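The model shown is predicted, which means the values in this text are computed figures rather than measured ones. Chain letters run A, B, ... following the sequence lines, proteins first, then strands; residues in each count from 1.
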There are 2 protein chains.
Amino acid sequence: MSKKQLIDYVQNFVSLNDDEAEQLATAFNEVKIKKRQFIVQPNFTNQHRSFVIKGAFRSYAITDNGQEHTLQFAIENWWVSDFNSYIYQYPATLFIVALEDSILLQIEYEKEQELKKSNHKFETFFRIMAEKGLAFEHRRILFDLTHDAETRYENFLLNYPNFVQRVPQYALASYLGMSTEFLSRLRNKKTRKKS
Amino acid sequence: MSKKQLIDYVQNFVSLNDDEAEQLATAFNEVKIKKRQFIVQPNFTNQHRSFVIKGAFRSYAITDNGQEHTLQFAIENWWVSDFNSYIYQYPATLFIVALEDSILLQIEYEKEQELKKSNHKFETFFRIMAEKGLAFEHRRILFDLTHDAETRYENFLLNYPNFVQRVPQYALASYLGMSTEFLSRLRNKKTRKKS
DNA sequence: CAATTAAAATGAAGTAGGTCAAGAAAGGAT
DNA sequence: ATCCTTTCTTGACCTACTTCATTTTAATTG
């Protein structure tokens, strides 16, 4: 059952007894999402925090001139949301779309607040998630500031080899802060070198 | 007294009774830092979380070719640390330096863990800090991905007008992801337009 | 307050990466 | 299978921004 997967994940950070595991499990709802389906859209408040059981997602913004810019990817055992929309409960600016047929476990904002209030352990868990997320983004910002396009791509390959096959190239390019044409050239340069 | 300033800050997010406020106050130590003094350096583990009572700080990395890249600024009522070093307690990669004569309140890593364990409210407080930090960095990444150098500078001016006078220009340029010369040109273009 | 050092400004030349346009390849739908 | 749409590739040209070198200005320190 998919809830087992979430509980196992949470147990990596805080140890839950049977009652607590049950409490956690019932707070989340399983939903199936078809490829190309949106779970968050601009102007609608992001109501849920979502844990990916199976599948892949992408969060991105669209600028006035129509360009897409990817903020995040998520596959199995990652969380996705428009975080600004979710924690402040105001309208989203991001799109979040399924890149494959997917399964999510979702918790509602109010339900999450109850959970955290009811038990110190859940508060600790979400604190750790936020801290790890923040540390991750610090590493990302610093890496992006200090490396050129080619190095950023190679670093992504190295750290997330399993993402690369599941994510469209134009989306990866926009995540790494370069044009899709430029990433195409980088790739071909590389494969040509190899052979 | 400077601890009052911290307690007031914390009260914005969780409400503390007198005992709790006292507990918080005694967990922190006040330290004076001279301009140009480092509070964090690469290879040394970042032992403290620091709250700025007075003054200004800058965290940055230096690349192999000697270039500096600024990750963060902090003035009164902001927190500073090499967050990756602090939360994982491994060696820092960043420098953190005082830009002015400053006063900090610092808590040691272990002391912070005790505080969080001892009282749900402190856990909640640090959870909120991390979430706000993460939401902030999401906004930053997205803005940087979607705007050119001039717009990034103008946005900084707009959002942090009080930082601009206190931060050297080369540091701001490296925070905004451009060369110091280019920022200089942007500025002069602007002031010339005004007059 | 003079001397020294660090930061900011400016010009000239170079480049990493972008944009535009058109074709090739790959996925989905029927 | 075939048609239609989306994604990827490639070439030619362009520009936002960098780098280097030098001068000017501002900030520190004795």
Figure out the NZ/C1' separation between A:K189 and C:dG17, and round it to whole Å.
12 Å
On DNA chain D, does the nearest nucleotide to A:A171 precede the nearest nucleotide to B:R152 from the 5' side, or the other way round? Give the residue.
A:A171
Ignoring hydrogens and angles, state whether a donor on the side chain of A:E20 or A:N119 is under 3.5 Å from an acceptor on the partner side chain.
yes
Side-chain contact check for A:M178: nearest option of C:dG18, D:dC17, D:dT19 is C:dG18
Of the listed nucleotides C:dA8, D:dT9, C:dT19, the one nearest the side chain of A:Q67
C:dT19
Would you tell me if any nitrogen or oxygen in the side chain of A:Q169 comes within less than 4.0 Å of OP1 or OP2 on D:dT6?
no
Take atom CG of A:L183 and atom P of D:dT7, then tell me their distance rounded to the nearest Å.
14 Å
Mind calculating the distance between CZ (A:R58) and C1' (D:dT7) to the nearest angstrom?
12 Å
Quick check: does any side chain N or O of B:E30 sit under 3.5 Å from a backbone N or O of B:L104, one acting as donor and the other as acceptor?
no
Grab the CZ-P distance between A:F182 and C:dA16 for me, whole Å please.
8 Å
Is it the case that over 12 heavy atoms from other parts of the model lie below 6.0 angstrom from the CG atom of A:N65?
yes
Among C:dA9, C:dA8, D:dT18, which is the nearest nucleotide to the side chain of B:P168?
C:dA8
Decide yes or no for A:L24 and A:F125: does some side-chain heavy atom of the first lie under 4.5 Å from some side-chain heavy atom of the second?
no
Taking the side chain as every heavy atom from C-beta outward, state whether A:R58 and A:Y175 have any pair of such atoms under 4.5 Å apart.
no
Assign B:Y170 to base, sugar-phosphate, or nothing according to its heavy-atom contacts below 4.0 angstrom with the strands shown.
sugar-phosphate
Separation of atom CD in A:E181 from atom C1' in D:dT15, rounded to whole Å
15 Å
Could you check how far CG of B:L186 sits from C1' of C:dA8, rounded to whole Å?
14 Å
Toward the 5' end of DNA chain D, by each residue's nearest nucleotide, B:N65 or A:V167:
A:V167
Within less than 4.0 Å of OP1 or OP2 of C:dG28, is there a side-chain N or O belonging to A:K35?
yes
The side chain of A:S179 is closest to which nucleotide in this list: C:dT10, C:dT19, C:dG17?
C:dT19
Regarding C:dT19, can its base be found pairing with the side chain of A:R185 as donor and acceptor, where the two atoms are less than 3.5 Å apart?
yes
Separation of C:dA24 atom P from A:R187 atom CZ, nearest Å, is 21 Å
Distance check needed: D:dT9 P versus A:L172 CG, whole Å only.
12 Å
